[in-house]
Amino acid sequence: MKLKKHTPATTPATTNNRPSRFKEIITSGIPTLVIWNILFLLTCIPIITVGPAMAAMGFCMNSLVESDRAKNGAAKLYFNAFVTSFGKALPVGIYFLFITLLFGAGFFVYSYLSPENAAYVSMSSISMVILSLFWGVMMHMYPLMFDFDKTDWDNKKVFMRRVKLTELISETGRVAMYYWKQTAIALVFVVLFFGGLLIFLPFTLPIIVLAGFSVTALAAAMAHTEMPY
């Protein structure tokens with residue numbers, strides 16, 4: 001199956017539109033962000049279902065960036081995206097967990113050993129770079145699983161694209177390169193924002209439970225989605 005060329009869903013945005021849209025969603029869409037954040041945590045409880053949960057969050061956030069209509073029936077929209085993407089997103093989520101744990105563990109182990117041997121400093125740095133690049137690519141994969149144009153907004157019905165996993169991975173790589181600047185900015189924000197929340201635990205636990213994951217997902221959506229105006 002030949003993939004259709006990736007084109008923005010709306011007209012391209014100027015760089016200044018992204019921060020303004022991000023601020024607008026944060027200030028006016030708090031209830032929606034809280035709903036999706038809590039649902040994300042609940043659907044991640046078995047751990048193995050992190051793939052469908054991330055797919056659902058990615059679909060919802062990219063829809064919200066493009067239009068405020070995603071706020072209507074937010075819970076139903078999330079659950080429909082979760083169920084619809086379950087079969088395809090489940091193995092992708094397992095792959096995501098494996099790579100994250102592998103290079104994440106490598107980073108912490110090499111960082112712990114670095115005082116004894118300077119060579120471990122470069123190894124820990126390499127592990128973090130690979131992990132960051134992997135996360136940067138993955139933030140584009142989940143939205144590309146869905147066919148946004150076919151979404152039935154009245155009934156909150158979500159549709160998947162009919163594409164093989166190998167073709168999806170190839171397209172994801174091309175899209176990540178196309179949006180490399182936005183992806184880099186999103187990665188820096190995610191690391192600083194969520195890293196800061198973890199550093200100041202347990203004081204930041206309420207923020208993590210209520211909006212920590214949805215805000216990071218919103219940053220990822222900003223890297224993938226063109227602005228509506």
Side-chain angles (χ1 to χ4, degrees), residues 37 40-41 43-59 61-62 82 85-145 164-201 204-205 207-209 212-224:
N37 197 85
F40 176 79
L41 290 174
T43 51
C44 280
I45 287 178
I47 302 299
I48 197 174
T49 57
V50 65
M54 293 179 68
M57 181 71 90
F59 173 84
M61 282 301 171
N62 278 270
F82 179 84
S85 65
F86 195 89
K88 180 173 289 186
L90 186 65
V92 175
I94 295 174
Y95 171 73
F96 173 83
L97 285 175
F98 174 77
I99 297 297
T100 298
L101 290 174
L102 178 64
F103 287 98
F107 170 75
F108 285 109
V109 169
Y110 293 139
S111 297
Y112 177 78
L113 296 174
S114 59
E116 301 177 4
N117 190 331
Y120 288 120
V121 175
S122 60
M123 296 177 70
S124 64
S125 300
I126 292 173
S127 297
M128 179 52 67
V129 169
I130 294 176
L131 188 59
S132 298
L133 292 174
F134 174 69
W135 284 347
V137 172
M138 288 301 296
M139 71 172 59
H140 295 286
M141 177 171 287
Y142 289 111
L144 288 173
M145 291 182 176
K164 295 179 180 179
L165 182 58
T166 54
E167 294 172 326
L168 178 64
I169 294 173
S170 177
E171 183 180 17
T172 300
R174 295 197 301 271
V175 173
M177 293 179 64
Y178 181 80
Y179 290 115
W180 71 269
K181 290 183 180 179
Q182 296 94 319
T183 301
I185 293 172
L187 279 174
V188 171
F189 175 86
V190 169
V191 171
L192 294 178
F193 175 75
F194 209 83
L197 292 179
L198 294 178
I199 290 174
F200 292 103
L201 280 172
T204 55
L205 184 59
I207 299 178
I208 294 176
V209 172
F213 293 97
S214 59
V215 171
T216 54
L218 175 59
M222 287 289 172
H224 180 88

Exercise for the section: Nearest 0.5 Å please: distance from the CD1 atom of Ile126 over to the CG atom of Leu131. Expected result: 13.5 Å
Exercise for the section: Spell out, as yes or no, whether a donor-acceptor pair under 3.5 Å connects the side chain of Ser114 to the backbone of Ser111. Expected result: yes
Exercise for the section: For side-chain contact (heavy atoms from CB on, under 4.5 Å), just list the numbers for Ile99 and Met138, CA-CA rounded to whole Å, side-chain angles, deciding distance to a tenth of an Å, and then say yes or no. Expected result: CA-CA 11 Å; Ile99 297 297; Met138 288 301 296; over 6 Å; no
Problem - Nearest heavy-atom neighbours spanning Ala186 and Ala223 - result: CB-CB, 3.9 Å
Practice task
Just do the ring pair (Phe, Tyr, Trp, His ring centres under 6.0 Å) check on Tyr112 and Phe108 with the steps written out, would you?
Solution key: CA-CA 6 Å; Tyr112 177 78; Phe108 285 109; over 10 Å; no
Practice task
Just do the side-chain contact (heavy atoms from CB on, under 4.5 Å) check on Ser127 and Tyr110 with the steps written out, would you?
Solution key: CA-CA 9 Å; Ser127 297; Tyr110 293 139; 3.7 Å; yes
Exercise for the section: Flag the pair Met123 / Val109 as yes when at least one side-chain heavy-atom distance between them is below 4.5 Å, and no otherwise. Expected result: no
Handout entry: 4.5 Å side-chain heavy-atom contact, Met222 and Ile185
Key = no
Problem - Nearest atoms (heavy-atom pairs only) where Thr43 meets Pro46 - result: O-CD, 3.7 Å
Practice task
Please examine the side chains of Leu187 and Met139, heavy atoms only from C-beta on, and report whether any two atoms are closer than 4.5 Å.
Solution key: yes
Practice task
For the pair Phe134 and Phe96, name the ring-plane relationship: parallel under 30°, tilted 30 to 60°, perpendicular over 60°.
Solution key: parallel
Exercise for the section: Run the ring-centre check on Phe107 versus Phe103 and record whether the distance is less than 6.0 Å. Expected result: no
Fill in the blank from the handout: Given the options Thr172, Asn62, Thr183, His140 meets side-chain hydrogen bond (donor to acceptor under 3.5 Å, both in side chains) only with Thr183
Exercise for the section: Evaluate the ring planes of Phe82 and Phe86, with Trp represented by its six-membered ring, and classify them as parallel (under 30°), tilted (30 to 60°) or perpendicular (over 60°). Expected result: perpendicular
Practice task
Go through the steps for Ser170 and Arg174 under the test side-chain contact (heavy atoms from CB on, under 4.5 Å), then give the verdict.
Solution key: CA-CA 7 Å; Ser170 177; Arg174 295 197 301 271; 3.1 Å; yes
